[in-house]
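Beneath this line is the structure, given in structure tokens, with notes to follow.
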Amino acid sequence: MTDPVSRPTNFIRHIIDKDLTDGVHDHVATRFPPEPNGYLHIGHAKSICLNFGIAEDYEGTCNLRFDDTNPEKEDIDFVNSIKQDVQWLGFQWQGKELYSSDYFDQLHGYAVELIEKGLAFVDFSSQDEIREMRGTLTAPGVNSPYRDTAVTENLMHFEKMKNGEYAEGECCLRAKIEMTSAFMCMRDPVIYRIKFAHHHQTLDKWCIYPMYDFTHCISDAIEGITHSLCTLEFQDNRRLYDWVIENISIECIPRQYEFSRLNLEYTVLSKRRLIQLVDDNHVSGWDDPRMPTIAGIRRRGYSPASIREFCQRIGVTKMDNMVEMSMLEACIRDELNANAKRRMAVLEPVKLVIENFSNDEWLDAPNHPVNEEMGTRKVPFTKEIFIEADDFREQANKKYKRLVLGKEVRLRNAYVIKAERVEKDENGNVVCIYCSYDADTLGKDPADGRKVKGVIHWVSASHALNAEVRLYNTLFTVPNPAAEEDFAGTINPQSLVVVNAKVEPSLLEFEPLQGIQFERQGYFCRDVDTTDDKLIFNRTVELRDSFAKFGS
RNA sequence: AGCUCUGUGGUGUAACGGGUAACACACGUGACUUUGACUCACGUAUUUCAGGUUCAAAUCCUGACGGAGCUGCCA
């Protein structure tokens, strides 16, 4: 065992440390067990980082196991996307990916064992009858009339279930536990049901499928999982998990520990709501950059390392939580601030003419403000340029540090200019700003000691490339949309704002998803749909801004 | 109402029963700055409440109050 110091500790690691020092285990084996019925999201990332992170730090193993016991809801496309997302996050599971369905034969055998022990029975009650007999949270349940069927008869019925001799819903296999238990899941839970469904792994071999509670614990035991980590809503199920393990002939005793699931402000993470967002076309798809899915976050421009860092920062407890979006944003900003090349892009252009400038030149501009190893690029400087409309005011108070009529400002990576006059359209909007420039200010302050406070970005009008820039904001207008009666009603109409921008020519050299900083704006990346003919940039996250937000 | 779990700055977490409750994010103030970025400095908590045990309590005990989960042939 290595010293698990690379990640912050948590209560689960304390348990593992104790198990290791007490000799309960001499190794650690975890697993990430998604059901292949949807796309992974940031909440899954928390579980992935927890399970794989523990395996890494304790030099143990972590399996990827698809919990595929409900063929009606599952699909091979989901298993493929899940595998891809786990690997993209930077993790590799132990050996080949596993499936609960790999154990269907063994599971069936253990079910037979329970029947033989008089601990399971085939129930022919209807679903409604079973529900009524289950009782409520405060009222105990009552025994099914089939509860005392003879073992031989149960064996026969279960065999017929397996052979397809009963219709779906006609009967099911139940564990015989305790109908008066305070834990609802212990009131003779169904452990096998009939489904004449095609399974993506076992095809048409089975028409009976084991339930989660019966499957998961046995799968863990078969794989030798030492610590089975899941979310809080399975706390009650732990009693059933332990009951099954204790009542079948299996050596390994895995233990289940529950942690709280992630809640992120201004988004939703429940599968049901995510599906609704896609189905109702509130977003363009599962990989829409506004989605909290791994695919969406990836397309938004987040790196695997930034998500791993996020999962590390939020920690793991059993407390209910609501993590601020700023926590996630800080993670990608930290990484991109260090690694992303700087570029200039004008999102809402207004023309500016430098009247006393004539000969075009190509200026050297550093790719990073402090890391010189990142080199420089050439930027065309011409008589006509574009600047951000929001970076000019005819008049402003001293707090405004940008270009003001009659005042000076520094053009980033270039000269100091002074606004002399403006040209307006019939509506009074500024359509062109006429300036003069100080030729002796390239790479240095004015020789006479004048102080020029502001710096604005710009791009040559004749060399600029047109680009579609997608400005993403929070998908919802409220911190906890899931708490709303109609969460879709709180979707942010400004969650995507598309602008036609002017960008510097060197932006052509970037690969899709590669992080870039548009100076003074934020971090962006070329969208996966971008081409050299049609440049599309996604805003990953804005820069921190201690001044008032831009108008965009 | 029954059972289970859970209450530490604005948010997320940390703290062998022992030092002025630590860290990150956020926020505020100031410095620096050819990004209103970055960086740096400083600031923000009677650990839900009330008792109790102890030389010593966020930590242990009791009670109260708050929050979450559980009544699929879903996972």
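Values below: all heavy atoms of this structure, side chains included; hydrogens, waters and symmetry mates excluded. The chains referred to below are lettered A, B, ... by the order of the sequence lines, with proteins before strands, and numbering in each begins at 1.
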* To do: Provide the distance between the two C1' atoms, one in B:rA26 and one in B:rG12, to the nearest whole Å.
  => 11 Å
* What nucleotide, of B:rU34, B:rG69, B:rC73, holds the atom closest to the side chain of A:Glu233? -> B:rG69
* Would you kindly give the CG-to-C1' distance between A:Asp320 and B:rG67, to the nearest whole Å? => 6 Å
* Asked: Could a donor-acceptor pair under 3.5 angstrom be found where the side chain of A:Gln517 meets the base of B:rU35?
  -> yes
* To do: When you get a sec, tell me which of B:rG7, B:rA75, B:rA37 is the closest nucleotide to the side chain of A:Phe234?
  => B:rA75
* Complement of B:rU11, any strand, by Watson-Crick or G-U distances under 3.5 angstrom -> B:rA24
* Which part of the nucleic acid, if any, lies within contact of A:Leu232, taking any heavy atom under 4.0 Å across all strands shown: a base, the sugar-phosphate backbone alone, or nothing? -> nothing
* **Closest nucleotide among B:rC74, B:rG69, B:rA14 to the A:Asn70 side chain** => B:rC74
* Asked: Under a 90° cut-off about 0 for the syn range, is B:rG72 syn or anti?
  -> syn
* To do: Give A:Val316 one of three labels, base, sugar-phosphate or nothing, depending on what nucleic acid heavy atoms sit under 4.0 Å from its own.
  => sugar-phosphate
* **Of the listed nucleotides B:rC5, B:rG36, B:rU13, the one nearest the side chain of A:Lys401** => B:rG36
* To do: Scan A:Lys318 against the nucleic acid and name what it touches under 4.0 Å (heavy atoms): base, sugar-phosphate only, or nothing.
  => sugar-phosphate
* Inter-nucleotide P distance (B:rC16, B:rU53), Å rounded -> 25 Å
* To do: Describe the nucleic acid contact of A:Arg134 in one word from base, sugar-phosphate, nothing, applying a heavy-atom distance below 4.0 Å.
  => sugar-phosphate
* Could you work out the separation of B:rG9 and B:rC27 based on their C1' atoms and round it to a whole Å? => 12 Å
* Remember a base hit wins even if backbone is also touched, and classify A:Gly443 as base, sugar-phosphate or nothing at under 4.0 Å, heavy atoms. => base
* **Sugar-phosphate only, base, or nothing, as touched by A:Leu442 at under 4.0 Å among non-hydrogen atoms** => base
* Considering only atom P, compute the distance from B:rU6 to B:rC61 and round it to an integer number of Å. => 12 Å
* Is the centre of the A:Tyr146 ring less than 6.0 Å from the centre of the A:Phe121 ring? -> no
* **C1' atoms of B:rG18 and B:rC60, separation to the nearest Å** => 14 Å
* To do: Indicate, with a heavy-atom threshold strictly under 4.0 Å, whether A:Lys399 touches base, sugar-phosphate, or nothing.
  => base
* Would you tell me if any nitrogen or oxygen in the side chain of A:Ser546 comes within less than 4.0 Å of OP1 or OP2 on B:rA37? => yes
* Closest nucleotide of RNA chain B for A:Cys185 versus for A:Met322: which of these residues is on the 5' side? -> A:Met322
* Asked: Mapping A:Pro33 and A:Val323 onto RNA chain B by nearest heavy atom, which one lands closer to the 5' end?
  -> A:Val323
* Step through it carefully: locate the ring centre of A:Phe381, locate the ring centre of A:Tyr415, and say whether they are under 6.0 Å apart. => yes
* **Side chain of A:Arg342 (C-beta onward), nearest among B:rU35, B:rG69, B:rC74** => B:rU35
* With heavy atoms under 4.0 Å as the rule, sort A:Asn413 into base, sugar-phosphate or nothing. => base
* Which residue, A:His216, A:His227, A:Glu223, forms the side chain to side chain donor-acceptor pair (under 3.5 Å) with A:Arg31? -> A:His216
* Structure fact -> Scanning all shown strands, the Watson-Crick or wobble mate of B:rC40 with both distances under 3.5 Å is B:rG30
* Asked: Ring centroid separation for A:Phe518 and A:Phe537, is it under 6.0 angstrom?
  -> yes
* Tell me what A:Ser125 touches on the nucleic acid: a base, only sugar-phosphate, or nothing, going by heavy atoms under 4.0 Å. => base
* Residue-phosphate contact under 4.0 Å: A:Thr69 side-chain N/O, B:rA75 OP1/OP2 -> yes
* Asked: Out of B:rU71, B:rC74, B:rC73, which has the shortest distance to the side chain of A:Gln127?
  -> B:rC73
* Assign A:His368 to base, sugar-phosphate, or nothing according to its heavy-atom contacts below 4.0 angstrom with the strands shown. => nothing
* Determine: side-chain N/O of A:His14 to OP1/OP2 of B:rA15, distance under 4.0 Å, yes or no. => yes
* Exceeds 12 heavy-atom contacts within 6.0 angstrom, atom NZ of A:Lys407 -> no
* To do: Could you tell me whether A:Arg261 atom CZ has more than 12 heavy atoms of other residues or ligands within 6.0 Å of it?
  => no
* Asked: Counting only Watson-Crick or G-U wobble pairs whose two distances fall under 3.5 Å, which nucleotide matches B:rA1?
  -> none
* Minimum heavy-atom distance A:Pro292-A:Leu274, with the two atoms named -> CG-CD1, 3.8 Å
* Asked: Has A:Lys18 got a side-chain N or O lying under 4.0 Å from the OP1 or OP2 atom of B:rC16?
  -> no
* Asked: Rounding to the closest angstrom, what is the interatomic distance between B:rU13 and B:rU4 at atom P?
  -> 24 Å
* Asked: For A:Glu388 and A:Gln521, what are the C-alpha separation, side-chain angles and deciding distance, and is it a side-chain hydrogen bond (donor to acceptor under 3.5 Å, both in side chains)?
  -> CA-CA 10 Å; A:Glu388 214 67 64; A:Gln521 298 282 9; 2.7 Å; yes
* Stacking check A:Tyr212 vs B:rA75 (5.5 Å / 30 deg) -> no
* Asked: Within the structure, does a side-chain N or O atom of A:Arg239 lie under 4.0 Å from either OP1 or OP2 of B:rC3?
  -> no
* Asked: Would one find more than 12 heavy atoms of other residues, nucleotides or ligands at under 6.0 Å from atom NZ of A:Lys271?
  -> yes
* Can you check each nucleotide of nucleotides 21-30 of chain B against protein heavy atoms at under 4.0 Å and return B for base, S for sugar-phosphate only, - for none, in 5' to 3' order? => ---SSSS---
* **Gap in Å between the two C1' atoms, one belonging to B:rA45 and one to B:rC23, rounded** => 15 Å
* To do: Any strand is fair game: report the nucleotide pairing with B:rG72 by Watson-Crick or G-U wobble, both distances under 3.5 Å, or none.
  => none
* Asked: What does A:Thr9 touch in the nucleic acid at a heavy-atom separation under 4.0 angstrom: a base, only the sugar-phosphate, or nothing?
  -> sugar-phosphate
* Residue from A:His457, A:Arg412, A:Arg343 passing side chain to side chain donor-acceptor pair (under 3.5 Å) with A:Glu519 -> A:Arg412
* **Any donor-acceptor N/O pair under 3.5 Å between B:rG72 base and A:Arg131 side chain** => no
* To do: Return no unless some side-chain N or O of A:Arg193 is found under 4.0 Å from OP1 or OP2 of B:rA75.
  => yes
* **Euclidean distance for P, B:rG52 against B:rU59 (whole angstrom)** => 14 Å
* With heavy atoms under 4.0 Å as the rule, sort A:Ala338 into base, sugar-phosphate or nothing. => nothing
* Scan every strand shown for a Watson-Crick or G-U wobble partner of B:rG63, both distances under 3.5 Å, and answer none if you come up empty. => B:rC49
* Looking only at N and O atoms, is any donor in the side chain of A:Arg520 or the base of B:rU35 less than 3.5 Å from an acceptor on the other one? -> no
* Structure fact -> Checking B:rG67, B:rA75, B:rC73 against the side chain of A:Glu35 (C-beta onward), the nearest is B:rA75
* With a 3.5 angstrom cut-off on both distances, give the Watson-Crick or G-U wobble partner of B:rA56, or none if there isn't one. => none
* Look at all strands and tell whether A:Asn10 reaches a base, only sugar-phosphate, or nothing, counting heavy atoms closer than 4.0 Å. => sugar-phosphate
* **Stepwise ring-ring contact (aromatic ring centres under 6.0 Å, His included) test for A:Phe158 and A:Tyr166** => CA-CA 10 Å; A:Phe158 188 49; A:Tyr166 292 124; over 10 Å; no
* To do: Would you classify A:Asp236 as touching base, sugar-phosphate or nothing, given that sugar-phosphate means primed atoms plus P, OP1 and OP2, and contacts are heavy atoms under 4.0 Å?
  => base
